[in-house]
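Take a look at the structure below.
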2 protein chains.
Amino acid sequence: MNINKTIGEILREKREEKGLLLRHVSAKLDIDTAILSKIERSERKATKEQILKLAEILDLNKDDLLVQYLSERILYEIKDEKLGSKALKVAEQRMKYINKLNSRN
Amino acid sequence: MNINKTIGEILREKREEKGLLLRHVSAKLDIDTAILSKIERSERKATKEQILKLAEILDLNKDDLLVQYLSERILYEIKDEKLGSKALKVAEQRMKYINKLNSRN
DNA sequence: AATCTATTTGACTAACTTTGTCAAGTTAAT
DNA sequence: ATTAACTTGACAAAGTTAGTCAAATAGATT
């Protein structure tokens, strides 16, 4: 999986590869086709539950898709921030620190 | 600034160092003391605007405090995710990719 | 060119989350 | 035991996100 593709691009490509219509997939997700269309064009965010279902429906690796989804949410959080990439690095360092603490107890 | 402190810890320490009361600072922020108390104990998140005001009130470096704040929001986004640190790394890679694209145009 | 099917768009509503107030409860110093 | 500072929890208001629906567009097919 190419991590530089948006989750929408990944979903649309795989859906088309499988010859499925928006209507087929959105029915399984139990949402209107409009939303799925928007998710595929990155106009809306999916929920975590939808991502997990989509991995099943489209035979995509759940963990990979989830990582892609989470990374996109992270990027969304800092998209308009000039200090975004600094914040990302600090978040990683803090994450390590927290994990170290937790592994001690 | 120690990046492994929570934003709440940083704010409380500096406020106490300056001998200010919750009531003094919360008045300047135009919120109830209850909220500031919760922010300092990490029971609530501050807004970006509050963080910027707090930097002024407490003489903290705005960019440093903002990075700390943003990193905490990022961590919040993945706090319950076992794939969180993988997602963080992928977010950084994607960030680089996006910046590369943008610098070309 | 008319029709049919898939997708997109935009206005609107519903559900949820976040941000806040307020009043009562603790804590600790005097 | 009072007083001042802070904390707690129930609740309301504001804002955001997730959804529906109907109409519009795009592209094949007859």
Side-chain angles (χ1 to χ4, degrees), chain A residues 5-55 57-58 65-66 68-81 87, chain B residues 5-55 57-58 65-66 68-81 87:
Chain A
K5 283 187 183 154
T6 66
I7 200 135
E9 287 165 345
I10 293 167
L11 294 172
R12 174 149 293 187
E13 277 173 24
K14 199 70 196 290
R15 175 174 65 77
E16 291 181 340
E17 224 173 280
K18 301 203 109 190
L20 297 169
L21 299 177
L22 283 177
R23 139 168 80 78
H24 298 138
V25 176
S26 63
K28 293 206 191 188
L29 290 177
D30 193 26
I31 53 172
D32 196 278
T33 59
I35 296 178
L36 185 54
S37 168
K38 284 168 187 170
I39 289 170
E40 288 186 346
R41 286 170 299 104
S42 304
E43 206 189 290
R44 287 271 181 111
K45 283 178 284 183
T47 66
K48 187 183 173 184
E49 289 61 42
Q50 288 165 345
I51 291 299
L52 296 174
K53 267 197 179 176
L54 283 163
I57 297 167
L58 301 173
L65 199 63
L66 200 50
Q68 200 63 15
Y69 170 71
L70 292 172
S71 71
E72 207 154 297
R73 296 189 62 126
I74 290 168
L75 290 172
Y76 180 82
E77 192 72 40
I78 56 178
K79 67 177 179 338
D80 300 320
E81 298 290 343
Chain B
K5 282 187 184 155
T6 66
I7 200 135
E9 286 165 344
I10 293 166
L11 294 172
R12 174 147 294 186
E13 278 174 22
K14 198 71 196 290
R15 175 175 65 78
E16 291 182 340
E17 223 173 280
K18 301 203 111 195
L20 297 169
L21 299 177
L22 283 178
R23 133 168 85 79
H24 298 139
V25 176
S26 63
K28 293 206 191 187
L29 291 176
D30 193 26
I31 53 171
D32 197 279
T33 58
I35 296 179
L36 185 55
S37 167
K38 283 168 187 169
I39 290 171
E40 288 185 347
R41 286 171 300 103
S42 305
E43 206 189 291
R44 286 270 180 110
K45 283 178 284 185
T47 66
K48 188 184 173 184
E49 290 61 42
Q50 288 165 344
I51 290 298
L52 296 174
K53 266 199 181 176
L54 283 163
I57 296 166
L58 300 173
L65 199 63
L66 200 51
Q68 200 64 14
Y69 170 71
L70 292 172
S71 71
E72 207 156 296
R73 296 189 61 125
I74 291 168
L75 291 172
Y76 180 80
E77 192 71 39
I78 56 178
K79 66 176 181 337
D80 300 321
E81 298 291 343

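Within every chain, numbering begins at 1; the chains are lettered A, B, ... in the order of the sequence lines, protein sequences first and strands thereafter.
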- Whole-Å gap separating C1' (D:dA5) and CD (B:E16): 11 Å
- Item | Nearest atoms (heavy-atom pairs only) where A:L29 meets A:Q50 | CD2-O, 3.9 Å
- Task: Describe the nucleic acid contact of B:Q50 in one word from base, sugar-phosphate, nothing, applying a heavy-atom distance below 4.0 Å.
- Result: sugar-phosphate
- For B:S71 and A:A87, work out which heavy atoms get closest and say how close. CB-O, 3.4 Å
- For atom CG of B:L21 and atom C1' of D:dT3, their distance in whole Å: 14 Å
- What string of B, S and - do you get for nucleotides 20-30 of chain D 5' to 3' if you count protein non-hydrogen atoms under 4.0 Å? BB---------
- Taken to the nearest whole Å, NE2/B:H24 to P/D:dA5 is 7 Å
- Message: More than 12 heavy atoms of other residues, nucleotides or ligands under 6.0 Å from NZ of A:K28: yes or no?
- Response: no
- Note on the structure: Closest non-hydrogen atoms of B:Q68 and B:K5, given as atom of the first, atom of the second and distance, are NE2-O, 2.8 Å
- Query: How is A:R73 classified with respect to the nucleic acid when contacts are heavy atoms under 4.0 Å: base, sugar-phosphate, or nothing?
  - Reply: nothing
- 5′-ward residue of the pair B:R12/A:A46 relative to DNA chain D: B:R12
- Message: From CG of B:L20 over to C1' of D:dA4, roughly how many Å is that when rounded to an integer?
- Response: 16 Å
- Reading DNA chain C 5' to 3', which nucleotide is the first, and which the last, to come under 4.0 Å of any heavy atom in chain B? C:dT18 to C:dC22
- Where do B:S37 and B:L22 come nearest, in terms of heavy atoms and distance? CB-CD1, 3.8 Å
- Query: Are side-chain heavy atoms of B:E77 and A:L70 found at a separation under 4.5 Å?
  - Reply: no
- What's the shortest heavy-atom distance between B:E72 and B:T6, and which atoms? OE1-CA, 3.6 Å
- Query: Which heavy-atom pair separates A:Y69 from A:T47 by the least distance, and what is that distance?
  - Reply: OH-C, 3.4 Å
- Item | Phosphate contact (D:dT8 OP1 or OP2) by B:R41 side-chain N/O below 4.0 Å | yes
- Message: Is any side-chain heavy atom of A:L21 closer than 4.5 Å to one of A:T33?
- Response: no
- Here the distance between atom P of D:dC6 and atom CG of B:L22, to the nearest Å, is 4 Å
- Rounded to whole angstroms, how far apart are CZ on B:R23 and P on D:dA5? 4 Å
